[in-house]
Amino acid sequence: MAGSSTFQAPKGVAEYVPPDSNAWLAVRDALSAPARRAGYGYVELPVFEDTGLFVRGVGESTDVVSKEMYTFEDRGGRSITLRPEGTAGVMRAVIEHGLDRGQLPVKLWYAGQFFRAERPQAGRYRQFSQVGVEAIGTDDPALDAEVVAIADEGFRSLGLSGYRLELTSLGCAQCRPAYRERLQEFLSALDLDEATRARAALNPLRVLDDKREEVRRQLVDAPLMLDNLCAEDAAHFSEVRVHLDALGVGYDINPRMVRGLDYYTRTTFEFVHPGLGAQSGIGGGGRYDGLMESLGGQALSGIGFGLGVDRALLACRVEGLMPADESRCDVYLVPLGATAKARLVTVAGALRKGGVRVDMAYGDRGMKGAMKGADRSGAAYAVVLGERDLDAGSAQVKDLRSGEQAAVPLDSLTNHLTEAVAQAHVPQGEPQ
RNA sequence: GUGGGUGUAGCUCAGCUGGUAGAGCACCGGGUUGUGAUCCCGGGUGUCGCGGGUUCGAGUCCCGUCACUCACCCCA
């Protein structure tokens with residue numbers, strides 16, 4: 001029981017406090033770094049939008065829209081929804097700001113919170129965090145490969161190795177309707193329960209990845225989209241594969257992959273980590289060639305992905321990875337007395353301006369408690385300053401790892417520490 | 001929305017067939033007048049989720065309720 005607070009976090013939200021929050025931040029940064037290196041521009045968008053945007057963009061028949069949205073009426077009587085996914089909002093912004101009228105493709109990335117009113121479960125939260133990209137304005141298969149490779153690089157840079165990438169093509173407006181009809185015909189001949197029949201009528205693709213053995217058995221001979229692509233889509237898909245192979249991105253073809261959002265066409269992919277329990281998807285995305293137009297924009301194709309920050313962090317834990325180091329600072333200052341404190345406050349300011357991470361013992365804790373604080377902080381050096389040292393014009397600088405301590409003249413204290421910290425960082429690389 | 005599991009200290013948990021709570025870690029203080037991590041000594045920090053009931057007596061049994069959690073569904 002967390003104290004006796006009357007309040008609790010809302011049901012199903014993921015919260016992170018130190019030290020865990022360091023790892024969360026590190027994961028989010030790692031997942032977005034590849035996009036930043038590939039020419040994607042950042043977009044900061046609202047977390048709520050006109051409800052109609054999601055109904056039209058994501059699709060009325062999807063579970064996300066039909067039963068998982070946080071929707072409310074604002075004071076002006078408008079229907080507002082907390083965003084359940086990122087792509088629709090990005091499309092809206094692209095159209096609204098005319099980004100599609102400049103050079104194509106438009107490449108954007110975002111990071112933020114999303115909301116779905118589902119029953120919480122391991123890895124499934126009502127407020128969760130995603131890093132995503134969208135590339136709009138060309139259907140060049142090389143761009144498909146770039147997008148997939150960027151996502152893969154994000155996970156790989158965290159050290160993750162236990163996930164797999166699944167890939168397929170969902171066809172286009174030309175070939176999918178015919179396939180869909182074929183599949184529906186096939187499914188109607190099977191022995192299925194009421195709920196599954198309803199699903200087959202609404203979204204037959206979804207029946208294909210049913211988990212139940214008695215259903216799977218009946219599906220072995222089901223027609224697959226991949227075998228029924230039109231010539232253009234088949235060529236597009238094989239070219240995507242050629243580029244992915246060239247990039248060294250490994251993947252499995254999963255012709256039964258299902259996506260929860262209606263807008264996906266052609267190249268579609270998902271990153272799955274088997275160590276996470278029932279919610280095993282750590283990221284997913286695909287092409288959405290009709291979306292822009294259906295939202296009132298030009299008829300431009302696009303492709304993007306969303307990567308789950310929370311789930312990627314869970315995957316890191318499962319694999320025993322530590323995405324961030326524990327140390328909160330490099331130098332910990334220990335003043336003894338008011339004069340020393342005043343002096344060290346200035347030193348702290350100077351060091352921080354120089355990029356050194358500094359903390360300090362506040363509250364006149366006394367030597368022992370202060371040194372304990374230094375130890376917990378993870379700092380490499382502690383600086384002790386008391387009357388004795390002030391008289392001598394120097395401070396005691398202690399290397400907390402070796403335990404060695406030496407007097408350093410006060411005039412050169414800042415320089416001395418800045419250099420010592422810089423040197424300590426070099427062998428480990430990447431100060432952050 | 002439908003099931004199952006669990007609610008005891010800041011955390012992880014123990015508490016047998018009912019006799020008003022305990023361990024480890026963490027935290028605080030001391031051993032050290034100016035030195036952490038190690039070591040030693042001391043400190044329990046708790047409406048046993050909440051509300052009723054049974055009983056001389058409930059953490060323990062019964063009912064209800066809430067919360068958390070896992071799974072179905074769905075997905076990041």
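- Contact annotation: side chain of A:K398 to base of B:U35, donor-acceptor pair present below 3.5 Å.
- Taking atom CG on A:D20 and atom P on B:C11, their separation rounds to 13 Å, with Å as the unit.
- With sequence neighbours excluded, the residues that form a side-chain hydrogen bond (donor to acceptor under 3.5 Å, both in side chains) with A:E270 are A:R259.
- By the side-chain hydrogen bond (donor to acceptor under 3.5 Å, both in side chains) test, A:R212 pairs with A:D193, A:T196, A:D210, sequence neighbours left out.
- In this structure, A:K372 atom NZ and B:G31 atom P are separated by 13 Å, rounded to whole Å.
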Atom pairs, protein N/O to nucleotides 71-73 of chain B N/O, distance under 3.5 Å:
unit_1 : atom_1 : unit_2 : atom_2 : d
B:A71  : OP1    : A:A278 : N      : 3.1
B:A71  : OP2    : A:Q121 : NE2    : 3.2
B:C72  : OP1    : A:K211 : NZ     : 3.0
B:C72  : N4     : A:R124 : NH2    : 3.1
B:C73  : OP2    : A:K211 : NZ     : 3.4
B:C73  : N3     : A:R124 : NH1    : 2.8
B:C73  : N3     : A:R124 : NH2    : 3.4
B:C73  : N4     : A:Q121 : OE1    : 3.0
B:C73  : N4     : A:R124 : NH1    : 3.1
B:C73  : N4     : A:Q279 : NE2    : 2.9

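- Atom-to-atom, CG of A:D391 to P of B:G34 comes out at 14 Å; the value is rounded to the nearest Å.
- With pairs defined as Watson-Crick or G-U wobble and both atom distances under 3.5 Å, the stems of at least three pairs that touch RNA chain B come out as B:1-7 with B:66-72, B:10-13 with B:22-25, B:27-31 with B:39-43, B:49-53 with B:61-65.
- Salt bridge status for A:K398 with A:E404: absent, with no side-chain N to carboxylate O gap under 4.0 Å.
- Comparing B:A67, B:A76, B:C28 by their closest approach to the side chain of A:Q8 singles out B:A67.
- Nearest nucleotide to the side chain of A:R206, out of B:A76, B:G31, B:C74: B:C74.
- Using a 4.0 Å cut-off, some side-chain N or O of A:R259 falls inside it from OP1 or OP2 of B:A76.
- Atom OH in A:Y332 sits about 13 Å away from atom C1' in B:U35, given to the nearest Å.
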Mind listing the side-chain donor-acceptor pairs of residues 129-139 of chain A below 3.5 Å, one per line with the distance, residues two or more places apart or on another chain?
unit_1 : atom_1 : unit_2 : atom_2 : d
A:S129 : OG     : A:G112 : O      : 3.3
A:S129 : OG     : A:Q113 : NE2    : 3.3
A:E134 : OE1    : A:Y288 : OH     : 2.6
A:E134 : OE2    : A:T87  : OG1    : 2.8
A:T138 : OG1    : A:D140 : N      : 3.0
A:D139 : OD2    : A:R266 : NH2    : 3.1

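- A straight line from OH of A:Y264 to C1' of B:A76 spans 10 Å, rounded to a whole angstrom.
- In this pair, A:F128 lays its aromatic ring flat on the base of B:A76, centres within 5.5 Å and planes under 30 degrees apart.
- For A:Q396, the side-chain hydrogen bond (donor to acceptor under 3.5 Å, both in side chains) partners at least two apart in sequence or on another chain are A:Q405.
- Taking atom CD on A:E134 and atom P on B:A76, their separation rounds to 12 Å, with Å as the unit.
- Taking only side-chain nitrogens and oxygens, A:K368 comes nearer than 4.0 Å to OP1 or OP2 of B:G36.
- Following rounding to the nearest Å, A:E15 (CD) and B:C68 (P) show an atom-to-atom distance of 11 Å.
- Electrostatic pairing of A:E118 and A:K67 does not count as a salt bridge here, judged by no charged N lying under 4.0 Å from a carboxylate O.
- Proximity of A:K11 to the phosphate of B:A67: no side-chain N or O atom is located under 4.0 Å from OP1 or OP2.
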